[in-house]
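Every number for a ligand or one of its atoms is a count from 1 in the order of the listing.
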Amino acid sequence: MAPGALRLLPKVELHVHLEGSFTLERIKELARVAGESLPEPAEALFDVRDLATFLHRLDWWCGLVRSEEEAEAQAHGFASWLGGEGVAYAEVTVNPTHWSGLPRPALLRAVDAGFSRAAGEGGADCRVVVSLLRSQSGEEALGLVRELEREMPPRVVGLGVDGNEASAGWTGPRLAPAFRAAASLGLGLTAHAGESSGPEGVRSALDDLGVSRIDHGVRAVEEPGLVARLAREGRTLNVCLTSNVRLLFGDLAGHPLASLVAAGVPVTINTDDPLLLGTTMAKELELAASVCGWEAGDLLAATGVAVEAAFCTEPEREVLRHLLLAGWDSWAQPG
Ligand SMILES: [Zn+2]
């Protein structure tokens, strides 16, 4: 593969967080405007190795965003950056609990506006997956969905849940009514599981929450019967290699991506928190190619899995299929 070629090809991403879209420069600027000092030296802010610390940091810097203009600018800047990385379409997770400086409807309106402005300028076409926090009560979760029912920003396409399963415990039954209500509104359903939880978290996401996708899900590999079920039922795992190496496995050699692919599980390749982790979609696809021995045609196929699992409308999916084939055409011909 020619170096840098992947960066230019149209790509699709389903597992990426707006909370992880900040640069250090942007954080320093927001802190200055908010009149707050950094809790650590700037160069240490992104050096996180455990999920609990990571989530705590997200709360702090997202909380620096205190106006709709700042939130709009964050969304616009990120969608523009993704576009520059060749991402044609992305479903961006936004968890309003991290953004303590803005009321939830104002945040979602501002993000929607920022994404629309970027798309109009040739940036990535970004949609929003609104995410619950694992530790929220069932009532709070249902409250968010009722709020979306009253005011649904046009780019919202799904409901998810993220946060630390290890500390929040068994949450599937508690959040199930919110997921059922979201499904009745036509939203796609996804859940972080099988990262800070084991196979039982993945099973709960499937059985209690009824999701069609799992964000991470990689620890399903610990239970062969569950891997077979994911393959049989065509539930997609949105895998993030760099993130998993940093927070879970320690090195790429221990990552189960190749086993999951070999078992027939639909898998997509994603960045999770690209600016914070110093990664891009092109880098993640290159890593996946090295782990699985993929050639160009396999990378196109993995991108195609993301198109099929996206929460967009069927006409939009058809447009994405054509976009991918046209963009990858000469580069990814088999043989
Ligand atoms: Zn994630």
inquiry  = The test is side chain to side chain contact (heavy atoms under 4.5 Å, CB included); show your working for Cys62 and Phe22 and say whether it passes.
reply    = CA-CA 9 Å; Cys62 292; Phe22 293 77; 3.9 Å; yes

task = Could you tell me which residues satisfy side-chain contact (heavy atoms from CB on, under 4.5 Å) with Arg7, sequence neighbours excluded, listed by chain and number?
result = Glu85, Ala282

query = Counting only N and O atoms by type, is there a donor-acceptor contact under 3.5 Å from the side chain of Lys283 to the main-chain atoms of Gly278?
reply = yes

note = Taken in chain and number order and not counting sequence neighbours, the residues that satisfy ring pair (Phe, Tyr, Trp, His ring centres under 6.0 Å) with His216 are His15, His192

request  = Establish, yes or no, whether the cationic atom of Arg26 lies under 6.0 Å from the six-membered ring centre of Phe78 and within 45° of the ring axis.
outcome  = no

Cut-off under 2.8 Å, centre the Zn ion (ligand 1), protein N/O/S atoms = His15 NE2, His17 NE2, His192 NE2, Asp272 OD1

ask   = Who passes salt bridge (charged side-chain N to carboxylate O under 4.0 Å, His left out) against Asp273, sequence neighbours left out?
value = none

